Amino acid sequence: ARTVWILGDSSPFGFGVDGRRIFAERLRLALAPERVLVRNLAVVGYNSRQMRQKLALEFRRGRDAPNVLVVWGGFNDTEYTHRLIWRLPFSERLSLLNYRIQMSRILRLCRSRGVKVILVTLPSLENYPPLAPINAWIRSRAAASPDIEVVDVQKSFADINVRGLYTGRDDRRGLRYHPSAEGHDIVFKMLLPAVRALLPPEMQRSGGGGRVDL
């Protein structure tokens with residue numbers, strides 16, 4: 001079967017949203033008739049290093065490489081989450097340089113296995129400066145390889161710029177970056193054609209009186 005994996009943190013996990021309405025589930029249902037399997041590997045709180053380790057572990061377990069990997073993560077590499085949420089000491093905080101290193105390793109691992117990648121930019125309702133260099137790096141990857149596609153969710157959310165795109169659970173944190181059900185609907189509509197464009201044609205074989213789909 002053709003497969004799509006989703007790698008990331010609490011945003012693609014669907015934190016604060018009914019699981020039936022997150023974009024990963026919408027993708028799964030939309031692609032099921034085309035015999036495409038969708039696995040959501042996103043984990044709440046994961047940073048880029050943990051995402052890279054998660055992907056490597058899946059491969060070490062003997063999992064067949066997916067045809068397409070959707071990567072949406074990086075907010076947990078910023079000072080906001082290190083200091084205010086996880087309360088990590090300075091010595092344990094990741095830098096932007098480390099984010100780029102870890103993400104580059106993810107991309108190299110995918111390239112070595114022939115996996116095409118969709119990178120998703122990181123949206124937030126408020127202007128959060130640490131996200132700007134992360135999103136700039138993500139956008140720059142589109143020109144780095146024909147096997148990398150960038151879906152600019154941040155730009156789409158910024159153009160709409162309404163609180164309803166983010167879950168109400170973020171209000172008490174003072175920074176909104178978890179998409180609501182409405183936000184996940186927008187992400188789904190942006191990702192579905194991008195995923196379809198990168199999937200290989202459905203494998204077919206001839207037999208008997210005609211062509212039989214595998």
Side-chain angles (χ1 to χ4, degrees), residues 1-15 17-43 46 48 51-52 54-56 58-59 63-75 103-104 106-123 134-135 137-157 159-160 165 177-204 213-214:
R2 295 175 295 170
T3 58
V4 177
W5 290 2
I6 299 163
L7 188 68
D9 52 27
S10 53
S11 291
F13 174 85
F15 181 80
V17 179
D18 185 330
R20 295 169 295 183
R21 301 189 65 183
I22 66 175
F23 82 88
E25 178 63 9
R26 299 279 305 278
L27 275 179
R28 186 187 70 81
L29 293 174
L31 294 172
E34 301 168 38
R35 286 174 281 192
V36 177
L37 303 179
V38 177
R39 296 183 63 212
N40 191 356
L41 304 177
V43 179
Y46 263 23
S48 58
M51 288 160 49
R52 190 259 305 164
K54 173 73 171 176
L55 182 63
E58 291 294 321
F59 288 144
R63 307 278 191 191
D64 290 335
N67 301 108
V68 177
L69 178 71
V70 178
V71 183
W72 179 356
F75 204 94
M103 291 295 292
S104 295
I106 288 173
L107 296 179
R108 284 198 298 271
L109 181 59
C110 288
R111 191 179 306 118
S112 69
R113 292 175 175 263
V115 178
K116 296 183 178 180
V117 178
I118 297 176
L119 298 177
V120 178
T121 54
L122 315 180
I134 290 177
N135 283 330
W137 185 88
I138 291 173
R139 292 183 181 107
S140 72
R141 297 304 92 193
S145 171
D147 292 331
I148 299 175
E149 180 79 17
V150 172
V151 172
D152 203 341
V153 169
Q154 187 276 331
K155 184 180 185 304
S156 294
F157 276 36
D159 289 344
I160 300 172
L165 294 180
Y177 57 94
H178 291 114
S180 64
E182 291 74 17
H184 275 269
D185 182 59
I186 292 173
V187 176
F188 161 71
K189 290 176 180 177
M190 295 180 72
L191 276 173
L192 182 60
V195 168
R196 279 181 168 149
L198 293 183
L199 284 170
E202 193 164 10
M203 297 174 63
Q204 298 176 329
D213 295 336
L214 285 176

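Bear in mind the structure is a predicted one, so any value in this text is a computation, not a measurement.
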Q.
Rounded at 0.5 Å granularity, tell me how far CD1 in Ile106 sits from NZ in Lys54.
A. 12.5 Å
Q | Value rounded to 0.5 Å, distance of CG in Asn67 from CG in Leu37 | A | 9.5 Å
Q. Side chains of Ile22 and Asn40: closer than 4.5 Å at any heavy-atom pair?
A. yes
**Q.** For the student: nearest non-hydrogen atoms of Ala65 and Phe59, plus distance
**A.** CA-CE2, 3.6 Å
Q: Mind telling me whether Phe15 and His178 have parallel, tilted or perpendicular rings, with 30° and 60° as the class edges?
A: tilted
Q. Considering residues at least two apart in sequence or located in another chain, which fulfil the ring pair (Phe, Tyr, Trp, His ring centres under 6.0 Å) criterion with Phe188?
A. none
Donor-acceptor pairs are to be reported for all side-chain atoms of residues 110-117 against protein atoms at under 3.5 Å, with residues two or more places apart or in another chain.
from, atom 1, to, atom 2, distance (Å)
Ser112, OG, Leu109, O, 2.7

Q | Heavy-atom side-chain contact between Asp185 and Arg21 under 4.5 Å | A | no
Q.
Testing the basics here: between Pro201 and Arg2, what is the closest heavy-atom pair and its distance to 0.1 Å?
A. C-NH1, 4.1 Å
Q: Give the ring-plane orientation class for Trp72 versus Phe23, where under 30° counts as parallel, over 60° as perpendicular and anything between as tilted.
A: tilted
Q | Student check: side-chain heavy atoms of His184 and Glu25 closer than 4.5 Å | A | no
Q) Under a 4.5 Å cut-off applied to non-hydrogen side-chain atoms, are Leu55 and Val71 in contact? A) no
Q.
Around atom CG of Asp64, are there more than 12 heavy atoms from other residues, nucleotides or ligands closer than 6.0 Å?
A. no
Q) Going by heavy atoms in the side chains, are Leu192 and Leu27 under 4.5 Å from each other? A) yes
Q | Under 3.5 Å donor-acceptor, Ser180 side chain and Gly183 backbone | A | yes
Q) Under a 4.5 Å cut-off applied to non-hydrogen side-chain atoms, are Met103 and Arg141 in contact? A) no
**Q.** Result of checking Val153, Ile160, Leu191 against Ile186 for side chain to side chain contact (heavy atoms under 4.5 Å, CB included)
**A.** Ile160
(Q) Working to the nearest 0.5 angstrom, can you tell me the gap between Leu122 CG and Ile134 CD1? (A) 6.0 Å
(Q) When you compare the side chain of Val195 with that of Val36, does any pair of heavy atoms fall below 4.5 Å? (A) no
Q | Distance in Å, Lys155 NZ paired with Arg139 CZ, rounded so as to fall on 0.5 Å steps | A | 9.0 Å
Q) Nearest 0.5 Å, what's the CG-CG distance between Leu41 and Leu7? A) 6.5 Å
Q) Atom CG of Leu31 and atom OG1 of Thr3: how far apart are they, to the nearest 0.5 Å? A) 11.0 Å
Q: For atom CZ of Phe157, decide whether the heavy atoms of other residues, nucleotides or ligands shown that lie under 6.0 angstrom number more than 12.
A: yes
